[in-house]
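These numbers come from the heavy atoms of this one structure, side chains and all, not from hydrogens, waters or symmetry mates. Throughout, protein chains are lettered first and strands after them, A, B, ... in sequence-line order, and every chain is numbered starting at 1.
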There are 2 protein chains.
Amino acid sequence: MTAKKGFIRRTKQREVILDVLRSTRSHPTADWVYQEVRKEMPNVSLGTIYRNLKTLTEMGQALELSYGSTYSRFDGNPENHYHFVCEECGQVTDLDLPVQKQLEEDVSDMIDGQVSYHRLEFYGVCRDCLSLAEATDHEAE
Amino acid sequence: MTAKKGFIRRTKQREVILDVLRSTRSHPTADWVYQEVRKEMPNVSLGTIYRNLKTLTEMGQALELSYGSTYSRFDGNPENHYHFVCEECGQVTDLDLPVQKQLEEDVSDMIDGQVSYHRLEFYGVCRDCLSLAEATDHEAE
DNA sequence: AAGGTTATTGAAAAGAATTATCACTATGTC
DNA sequence: GACATAGTGATAATTCTTTTCAATAACCTT
Ligand SMILES: [Mn+2]
Ligand SMILES: [Mn+2]
Ligand SMILES: [Zn+2]
Ligand SMILES: [Zn+2]
């Protein structure tokens with residue numbers, strides 16, 4: 001037992017990845033991060049992106065948001081907060097709603113288990129996509 | 001415009017799939033549904049399972065819940081309700097919490113868009129996995 | 001500062017879940 | 001019953017993500 005656990009080294013790659021993640025509010029996909037990081041480190045590998053996004057998430061410096069059965073999006077703001085997802089364009093936006101932390105206690109009592117976090121997400125159509133739909137309707141007339 | 005939209009036929013396959021979905025509270029994966037349906041229809045194809053789970057979801061007879069970046073789980077109860085997900089064993093359980101429908105209005109005002117539904121999920125360790133961990137701890141002593 | 005250990009990398013292959021394709025089948029309509 | 005076409009089974013293709021592994025480089029010990 002007590003296997004000697006490896007420590008975490010600081011690497012240039014992870015640093016750039018975190019910078020990129022923090023530079024946007026777009027909740028980017030791994031691939032978007034990859035493209036951005038390549039501008040600074042052309043030889044970085046996609047595997048490294050995935051590896052580090054995972055590491056950062058585990059270190060509590062990022063959040064991973066998974067949607068649909070397709071790709072994950074990442075968030076450079078590790079504080080819990082809620083999101084709105086546009087089902088038309090896929091855009092993910094932060095919501096300025098109070099985080100109901102006490103719900104976690106309610107639930108942990110309810111299930112007699114341990115709750116470590118919760119996610120609240122709203123789905124629908126964003127303003128931009130709504131007005132786009134309107135415009136198209138007018139055209140059709 | 002007004003493209004003549006196809007109608008939806010009733011098929012034996014979809015019927016069995018919905019039955020299977022309604023027969024469990026386990027929030028099964030597509031593959032689990034597949035295995036169950038095969039017991040009754042050995043020649044059913046996995047593609048048919050996916051196709052119909054999607055159709056049922058679109059028809060409002062099922063819910064699709066996506067977790068992690070891997071697989072989706074499905075829910076034969078299409079009424080909105082909240083879930084707890086055990087990060088150890090993957091078990092998904094229904095929570096008996098009141099659904100805060102009015103939050104959707106708050107958000108739609110906030111973003112000036114249209115909200116069609118919301119999801120609230122809690123993550124942590126379930127009771128079973130907790131007691132299992134305890135047992136393991138004792139062993140280690 | 002040099003050397004040693006091993007976490008991390010880049011490149012590529014493998015994996016896993018889901019979707020697309022297409023000839024054939026069967027549902028619903030007339 | 002005949003027709004039109006939505007749905008099926010079988011399989012290939014996609015897509016996102018993880019794994020592999022030799023080479024590299026971060027960090028600790030001298
Ligand atoms: Mn966010
Ligand atoms: Mn449920
Ligand atoms: Zn949109
Ligand atoms: Zn569990």
Quick one: sort the B/His83 and B/His27 rings into parallel, tilted or perpendicular, breaks at 30° and 60°.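 Ring orientation, 0 to 90° scale: perpendicular.
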
Would you say A/Asp96 has more than 12 foreign heavy atoms packed within less than 6.0 Å of its CG?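 At most 12 heavy atoms, drawn from other residues, nucleotides or ligands, come within 6.0 Å of this atom.
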
Counting heavy atoms not belonging to A/Glu105, are there more than 12 under 6.0 Å from its CD?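 No, not enclosed.
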
What is the separation between atom [atom1] on [X] and atom [atom2] on [N], rounded to the nearest whole Å?
| X | N | atom1 | atom2 | answer |
| --- | --- | --- | --- | --- |
| B/Arg38 | D/dT8 | CZ | P | 17 Å |
| A/Lys54 | C/dA7 | NZ | P | 16 Å |
| A/Ile49 | C/dA12 | CD1 | P | 16 Å |
| B/Met41 | C/dT25 | CE | P | 15 Å |
| B/Tyr34 | C/dA17 | OH | C1' | 14 Å |
| A/Arg14 | D/dC27 | CZ | P | 9 Å |
| B/Gln35 | C/dA17 | CD | C1' | 14 Å |
| A/Met59 | C/dA7 | CE | C1' | 14 Å |

A/Thr48 side chain to A/Val44 main-chain N or O, any donor-acceptor pair under 3.5 Å?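 Absent.
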
Is there a donor-acceptor pair closer than 3.5 Å between any side-chain N or O of A/Ser131 and the backbone N or O of A/Arg127?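 Yes.
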
Could you work out which one of [options] sits closest to the side chain of [X]?
| X | options | value |
| --- | --- | --- |
| A/Ala30 | C/dG28, C/dG10, D/dT17 | D/dT17 |
| B/Gln13 | C/dT18, D/dT8, C/dT8 | D/dT8 |
| A/Thr48 | D/dG9, D/dT17, C/dT9 | C/dT9 |
| A/Ser45 | D/dT18, C/dG10, D/dA10 | C/dG10 |
| A/Phe7 | C/dT8, C/dA7, C/dT18 | C/dA7 |

Within the structure, does a side-chain N or O atom of [X] lie under 4.0 Å from either OP1 or OP2 of [N]?
| X | N | value |
| --- | --- | --- |
| A/Tyr50 | D/dT18 | no |
| B/Thr11 | D/dT8 | yes |
| B/Ser72 | C/dT18 | yes |

Select from B/Lys12 and B/Gly47 the residue whose nearest nucleotide in DNA chain C is closer to the 5' end of that strand. B/Gly47

Mind checking B/Asp31 for me? I need base, sugar-phosphate or nothing, with any heavy atom below 4.0 Å counting as a touch.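 It contacts nothing in the nucleic acid.
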
Tell me, do A/Leu53 and A/Glu64 make a side-chain contact under 4.5 Å, heavy atoms counted?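 A/Leu53 does not reach A/Glu64 side chain to side chain.
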
Is it possible for you to check whether A/Arg9 lies under 6.0 Å from the centre of the six-membered ring of A/Phe7, through NZ or CZ, and within 45° of that ring's axis? no

Which atom pairs link the protein and nucleotides 21-25 of chain D when you take only N or O atoms and keep those under 3.5 Å?
none

Would you kindly compare B/Thr55 and B/Leu46 by the position of their nearest DNA chain D nucleotide and give the one closer to the 5′ end? B/Thr55

Is it true that B/Arg119 and B/Glu121 have a side-chain N and a carboxylate O under 4.0 angstrom from each other? yes

